[in-house]
2 protein chains.
Amino acid sequence: MNIGEVAKRSGLPPKTIRYYEDIELIRPMRHDNGYRVFRETDLHKLAFLGRARTLGFSIEDCRILLSLYEDETRESAQVKALAQDHLTAINDKISQLRAMRETLQELVQSCHGDDRPDCPILSDLSGETADPV
Amino acid sequence: MNIGEVAKRSGLPPKTIRYYEDIELIRPMRHDNGYRVFRETDLHKLAFLGRARTLGFSIEDCRILLSLYEDETRESAQVKALAQDHLTAINDKISQLRAMRETLQELVQSCHGDDRPDCPILSDLSGETADPV
DNA sequence: CTTGAGCTTCCAGCAACTGGAAGGCCTATA
DNA sequence: TATAGGCCTTCCAGTTGCTGGAAGCTCAAG
């Protein structure tokens, strides 16, 4: 398979696939003409990576996951710990975003949003303490 | 004020303050010796920026917010629209993260996490369809 | 033989800083 | 007065995960 085909089948853009080779997540062979040759195992790895990235794992986590996947002597505890840490990080991010949302929502709601310059959003940002509702 | 003082008072690290000058969010004066001189208005702007960044606004949004703040002929509708868009983006991100969390949580729960290699997390990533529970 | 699609490499840029090196300045104390 | 330290300066590089674009080679079709 050439890169275009693999891109279609894996759902990853060619640029990304080349990048993954660059950082040595995959190691496709080469044709005599310099073209990359992808085998089923390469495609499989790329799909694995795509899925892991969709779940938000970092590239370095992906590298570890891939190596665990290929290591028949792995302990599932290692995988679980990695996933658990990631889950915790995601939960932290959600909390942060929720805090932002809460504040923003209040500010947006309190702004009349017309042609007058008066604006509680800017007031808040500039450090004025909000009027008690 | 020197940068250290401003850093303390604004809560932003000196590096970040220099960076903000670099991208022309602020324009502090200079002493003869080359040191930056910050006035109250600079400090005020930095606090504004810090707060806006905490709410997740991008630097470019911050630039716009700052210019709106300083524009007495602004219409609050402009500010509100910006904040509303940002709020929408945050909500999108939260949705994404929640989707990740849901999947991850299931996977983590289904993994026994012991010394055996068998692992539903890796199975999922590798494209095996999950066994119906 | 030419055209166009597909492939190659390499370089640059995004966001928003952050770390570190090399060196100037300022103040206090011995 | 010398020096030590702490603060300041600039500049360069690195972070994460790609993405865009340029220049150029290859391949298949007409």
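Here is the naming used below: chain letters follow the sequence lines, and residue numbers restart at 1 for every chain. Note that the structure is a prediction, hence the values are computed from the model and not measured. Worth knowing before you read on, the calculation uses all heavy atoms, side chains too, and leaves out hydrogens, waters and symmetry mates.
Contact annotation for A:Phe57: no contact, since no heavy-atom pair falls under 4.0 Å across all strands. No contact: B:Pro14 has no heavy atom under 4.0 Å from any strand. Within the nucleic acid shown, B:Ile3 comes within 4.0 Å of sugar-phosphate atoms alone, with no base atom in reach, counting heavy atoms only.
We find that CD of B:Glu21 is positioned 16 Å from C1' of C:dC17, with the value rounded to whole Å. Taking atom NZ of residue A:Lys15 and atom P of nucleotide C:dG6, one finds them 16 Å apart after rounding to whole Å. Residue B:Ile23 contributes atom CD1, which lies 12 Å from atom P of C:dT18 at whole-angstrom precision. The CD-P distance, from A:Glu24 to D:dG17, rounds to 16 Å in whole Å. The interatomic distance linking B:Leu25 (CG) with C:dC17 (C1') rounds to 13 Å, in whole Å. Here D:dG21 presents its P atom at 20 Å from OH of A:Tyr19, a figure rounded to the nearest Å. Atoms CG (A:Asp61) and C1' (D:dT16) sit 13 Å apart, rounded to a whole Å. If you measure from atom CD1 of B:Ile17 to atom P of C:dT18, you get 11 Å, rounded to the nearest angstrom.
Taking every side-chain heavy atom of A:Arg36 into account, C:dT9 is the closest of C:dC26, C:dG19, C:dT9. Looking at the side chain of A:Arg18, the nearest of the listed nucleotides C:dA16, D:dC27, C:dT9 is C:dT9. Side-chain atoms of A:Arg30 lie closest to C:dT8 of the nucleotides C:dT8, D:dT9, C:dC17.
The side-chain heavy atoms of B:Asp118 and A:Ser76, taken from C-beta on, include no pair separated by under 4.5 Å.
Projected onto DNA chain D by closest heavy-atom contact, A:Asn33 and A:Pro13 fall at different nucleotides, the more 5' of which corresponds to A:Pro13. Looking at which nucleotide of DNA chain C each of B:Ile59 and B:Tyr35 is closest to, the 5′-most match is held by B:Ile59.
Between A:Arg9 and A:Glu5 there is a salt bridge, with a side-chain nitrogen of the basic residue lying less than 4.0 Å from a carboxylate oxygen of the acidic one. Look at B:Glu24 and B:Arg63 and you find no salt bridge, because none of the NZ, NE, NH1 or NH2 atoms lies under 4.0 Å from a carboxylate O. Residues A:Arg39 and A:Asp42 are paired through a salt bridge, judged by an N-O separation under 4.0 Å between the basic side chain and the carboxylate.
Side-chain contact annotation: A:His31 with A:Asn33, donor-acceptor N/O pair under 3.5 Å absent.
Checked by distance alone, A:Tyr20 brings no side-chain donor or acceptor within 3.5 Å of a matching partner on the base of D:dG17.
Taking 4.0 angstrom as the limit, B:Thr16 places a side-chain polar atom (N or O) nearer than this to OP1 or OP2 of C:dT18.
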